[in-house]
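As C-alpha cells, the structure follows; a few thoughts come after it.
When reading the values below, keep in mind they use all heavy atoms of this one structure, side chains included, and skip hydrogens, waters and symmetry mates. Chain identifiers are assigned alphabetically (A, B, ...) following the order of the sequence lines, protein sequences preceding nucleic acid strands; residue numbering begins at 1 within each chain.
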Amino acid sequence: MYVAVKGGEKAIDNAHAWLAEDRRGDPSIDVLSVAQIREQLSFAVNRVMAEGSLYDPQLAALAIKQARGDLIEAIFLLRAYRTTLPRFGTSHPIETEKMSCIRRISATFKDAPGGQVLGPTFDYTHRLLDFKLAADGDIEEAELASKPLDEAVPHITNFLNAEGLIQQEPNTDTEPGDLTREPLELPANRALRLQSLARGDEGFVLGMAYSTQRGYARNHAFVGELRIGDVTVEMDIPELGFSIEIGEVEVTECETVNQFQGSKTEPPQFTRGYGLVLGQSERKSISMALVDRALRWKELGEDNLGAPAQDEEFVLYHCDNIQATGFLEHIKLPHYVDFQSELELIRKLRREAQSHLQTQEAAE
Amino acid sequence: MSEYNFAYLDEQTKRMIRRSILKGLAIPGYQVPFASREMPMPYGWGTGGVQVSAATLTPDDTLKVIDQGADDTTNAISIRKFFQKTAGVNVTEKTAEASLIQTRHRIPEVTLREDQILVYQVPIPEPLRFLEPSEVETRKMHALEEYGLMHVKLYEDISKHGAIATSYAYPVRVEGRYVMDPSPIPKFDNPKMEMAAVQLFGAGREQRIYALPPYTEVISLDFEDYPFEASKADHACDLCGAENSYLDEVIIDDQGGRIFVCSDTDFCTSRQDQTKEEAA
C-alpha cells in the first residue's frame, strides 16, 4: 500500500547538518579564519562586496566562508543581510579626483600629470604556477617608492575636454534613484543603468562587453584611465549642521574614450563609457564602461543595431546573478502539479493525433 | 527571535508592500510594480509570496503553507518555519482553520471563506511574456487592452493540436479588463478563482504584485466553439476515493505501476479520517 512521503522537515534538518559538515571539510585540517579570507582572498572579497552592494570586507569574508567559496552564494548572503539594515541617509558623491591611488594607468597618453602608476597588478606576471607558494607563503617585503605620488591626480579625460574633443557629461544635481528601494522601470536613466551594472554579475557584464568588442554594436574603446584607490565618504549630519568624513572605501574607476562618427546633431568627437566598482575589480569596471557606452546609443543619436549590449531591457533584466541563479535553480523545486497537467495534455493530444492517423489509413 | 522585526520585514517595507496590495485590489488583475526586497531565501523560492504574506500577517493569524497542494513538501515546510521563527504565528495544515494560506501551484479543494486570504507565489506575472519578451511592450499592450496576440496563440494551438495546448498557468481575463496570469496552477483550479477569499499574487524577482478582491469575475480565455475545460486525470483518488479533486500520478514500482492520489494533502487525509471514523 502506498503511503504519501512524509518527513520533509527531518530531511531538511539532516541536509543542513550534512552541509555544515561538508563545509568544514576534513577536521584534521586547520579551520580557515575569516581574517585569512579577508586578507588573502581579497579579490573574492571584493567581488562579493561589489555585487552584494555592501562595503564590508569582514562580512564578505564571512559570507565566503559560509558559502564554501561559492561567490554567488556569498553575494546572496550579503544581499539578504543588507536588506535588513536601516538607512541613516545618503552620502555626498565620492570624489574620485581626490582618490589616493594605488594604481592609475592610461592607455591613451604615455604620461600625464599624476603619472602612470602600475600598482599591484597581475598584468605582467607570467602565469606559471608558483610551486613555492604551495610549500610556504612567505614573501619578501616590496620596496617602497623613493618619493610619494603627486597629490593631484586629475582625470585624464579632462585633458580632452579642453579641446572640446570629448563629449561633455551634463552635470545634473538630480538625486539618483535607488534600485534596491524602487522597482526598476524602463526606460532607466544612466544613473540607474550604472547602478545596475555595478552590482551586476561580473561574468555577464564581461560577456556583454566582449560582444561589443567583437562587433555586436562595436564601439572601439580606449582605456582613457583606470584608477584604483581609497576615497573618503562624507555625509551631512543634521545634528551637526555640516558634513563629516564617515569612512573610506576602496573603488576601481574606469573611463573609456570611444570613437564617435558624429550624427545629425553632433560633430565628430570622442565619447565616454564609465565604470565604477566597489573594491579592486579592473575586469568588472572596464566591462561596465564598455556596456555603459553601448547602452548610450539613443542619447548619442546612434543607430540601434539590434545588438544585445544595446538593449537596455535585456542587459538590466538579466545582469543580476542573484535573480538569475534563483530563477534558474528554482526549476529543481517540485513541479508535480504542472507536470501532471502536461502529462494529461500530451496523452490527450497523442490519442487524438493517433486516432486521426488511423482514420486516415482506414480511408486510404 | 528578537533581532528581526515581526515577520522579518521592517515596518516601512511592509507599508510599501501594503500600498501595492491595496492598489492591486483597486485595479483587479493589474500588475503593480513594487520594490521587492532581497529575502533570505532565493528568488524562485516564493520571495514574492513571502513578502506579501509578511506584509499581511498579524500576530493573531493562523498560517498554512502549501506547495503543489501539500503541506509537507520541503519548500512549504521551509516557508512555514520561516514565519514561525520570525512572526511566531500559529500554523496549521487544516485549510478551514487557516486565516492566511500561502500557496505555490494550487488552490485548495475546500471552498475558501471571506475571512481568509490566499497568497500565491508567482514566477512570471506577465501572461504575455512568452509571446512578447519585452516588458516595455507588454505594459503597453495591457494599457491598450491589446490582447489579440493571446487569442492568436490560442487559435494557433487549436489549428495545430485540435485543442488549446496550455494545461497550467492558463490565462484569465479579470472583470472584462486585464488578462492575468493565475500563476502556474493547473487549469483545473481556474474556475475556483471566483471565490469569497481575497487573492493576492506576489512575484518577487519580477517585482510585481497583483490581486483579486472577493467575488471578482475571472474568466478563462477560450472560444465559443472550443470552450475552456477544467481537466484532471480521469480517475478517483486511490487513497480517499475523491472523484472531484486534482490528482498527482505516483509511480509505485519499476513495472510502470502507478496510482493517483489527491495533490491537496489536507483534503485527502481529512477524507480518509472521516471514512475511518464512520467505519469505527
Side-chain angles (χ1 to χ4, degrees), chain A residues 1-9 11-12 15 53 73 76-84 86-87 178-187 311-314 317 320 322-331 333-346 348-349 352-353 356, chain B residues 4 8-10 33-45 47 67-70 72-78 81 104-106 123 134-136 161-163 165-169 184-188 205 207-208 231-234 238-239 246-250 252 259 261 263 265 268:
Chain A
M1 177 61 201
Y2 168 79
V3 183
V5 185
K6 287 260 176 192
E9 195 150 2
I12 291 176
S53 303
E73 182 68 26
F76 182 20
L77 287 168
L78 212 59
R79 290 244 195 126
Y81 175 75
R82 180 190 194 276
T83 306
T84 65
R87 304 233 154 176
D178 183 346
L179 269 182
T180 65
R181 295 289 157 186
E182 294 137 41
L184 174 66
E185 289 188 71
L186 298 171
D311 186 336
E312 167 181 278
E313 184 165 353
F314 184 83
Y317 266 97
D320 191 289
I322 302 307
Q323 291 178 351
T325 200
F327 196 54
L328 181 112
E329 293 194 52
H330 108 280
I331 60 174
L333 292 179
H335 284 79
Y336 326 130
V337 165
D338 312 351
F339 187 68
Q340 185 63 36
S341 63
E342 291 282 83
L343 265 180
E344 277 148 32
L345 181 68
I346 203 156
K348 180 172 165 237
L349 295 180
E352 277 161 19
H356 188 65
Chain B
Y4 292 109
Y8 187 75
L9 294 172
D10 61 280
F34 83 110
S36 178
R37 296 290 190 258
E38 256 128 2
M39 299 299 285
M41 59 274 283
Y43 288 118
W45 264 246
T47 54
D67 184 347
Q68 315 293 303
D72 57 351
T73 33
T74 40
N75 199 39
I77 291 167
S78 159
K81 268 186 158 176
R104 177 168 172 260
H105 296 191
R106 272 315 307 279
S134 162
E135 175 69 9
V136 173
H161 306 292
T166 299
S167 58
Y168 63 92
I185 55 172
K187 66 178 182 175
F188 174 81
R205 186 179 41 78
Q207 310 191 313
R208 296 289 183 272
S231 59
K232 63 182 266 298
D234 195 12
D238 283 311
L239 296 181
Y246 191 77
L247 301 173
D248 281 342
E249 187 173 326
V250 183
I252 47 168
I259 61 168
V261 297
S263 100
T265 45
C268 196

Under 3.5 Å: donor-acceptor pair, side chain of [X], backbone of [Y]:
{"X": "B/Tyr246", "Y": "A/Ser341", "value": "yes"}
{"X": "B/Gln68", "Y": "A/Tyr336", "value": "yes"}
{"X": "A/Gln340", "Y": "B/Asp248", "value": "no"}
{"X": "A/Glu313", "Y": "B/Glu135", "value": "yes"}
{"X": "A/Thr83", "Y": "B/Glu38", "value": "yes"}

When rounded to the nearest 0.5 angstrom, what distance separates [atom1] in [X] from [atom2] in [Y]?
{"X": "A/His330", "Y": "B/Met41", "atom1": "NE2", "atom2": "CE", "answer": "14.5 Å"}
{"X": "A/His335", "Y": "B/His105", "atom1": "NE2", "atom2": "NE2", "answer": "4.5 Å"}
{"X": "A/Leu345", "Y": "B/Lys187", "atom1": "CG", "atom2": "NZ", "answer": "6.5 Å"}

Contact summary for [X] and [Y], nearest pair of heavy atoms:
{"X": "A/Lys348", "Y": "B/Ala163", "result": "NZ-CB, 3.9 Å"}
{"X": "B/Met39", "Y": "A/Ala80", "result": "O-CB, 3.8 Å"}
{"X": "A/Leu333", "Y": "B/Trp45", "result": "CD2-NE1, 3.6 Å"}

Answer with side chain, backbone, both or neither: which region of [X] has an atom nearer than 4.5 Å to a non-hydrogen atom of chain B?
{"X": "A/Glu329", "value": "both"}
{"X": "A/Phe339", "value": "neither"}
{"X": "A/Leu184", "value": "both"}

Where on [X] is there a heavy atom nearer than 4.5 Å to chain A: the side chain, the backbone, both, or neither?
{"X": "B/Lys81", "value": "side chain"}
{"X": "B/Thr73", "value": "side chain"}
{"X": "B/Ser263", "value": "side chain"}
{"X": "B/Arg205", "value": "both"}
{"X": "B/Asp67", "value": "side chain"}
{"X": "B/Ala70", "value": "neither"}
{"X": "B/Thr47", "value": "neither"}
{"X": "B/Tyr8", "value": "side chain"}

query = What residue, out of A/Thr325, A/Ile331, A/Ile322, has the most heavy-atom pairs lying under 4.5 Å from chain B?
reply = A/Ile322

[X] side chain near [Y] side chain, heavy-atom distance below 4.5 Å:
{"X": "A/Pro334", "Y": "B/Arg104", "value": "yes"}
{"X": "A/Arg82", "Y": "B/Arg37", "value": "no"}
{"X": "A/Glu342", "Y": "B/Tyr168", "value": "yes"}

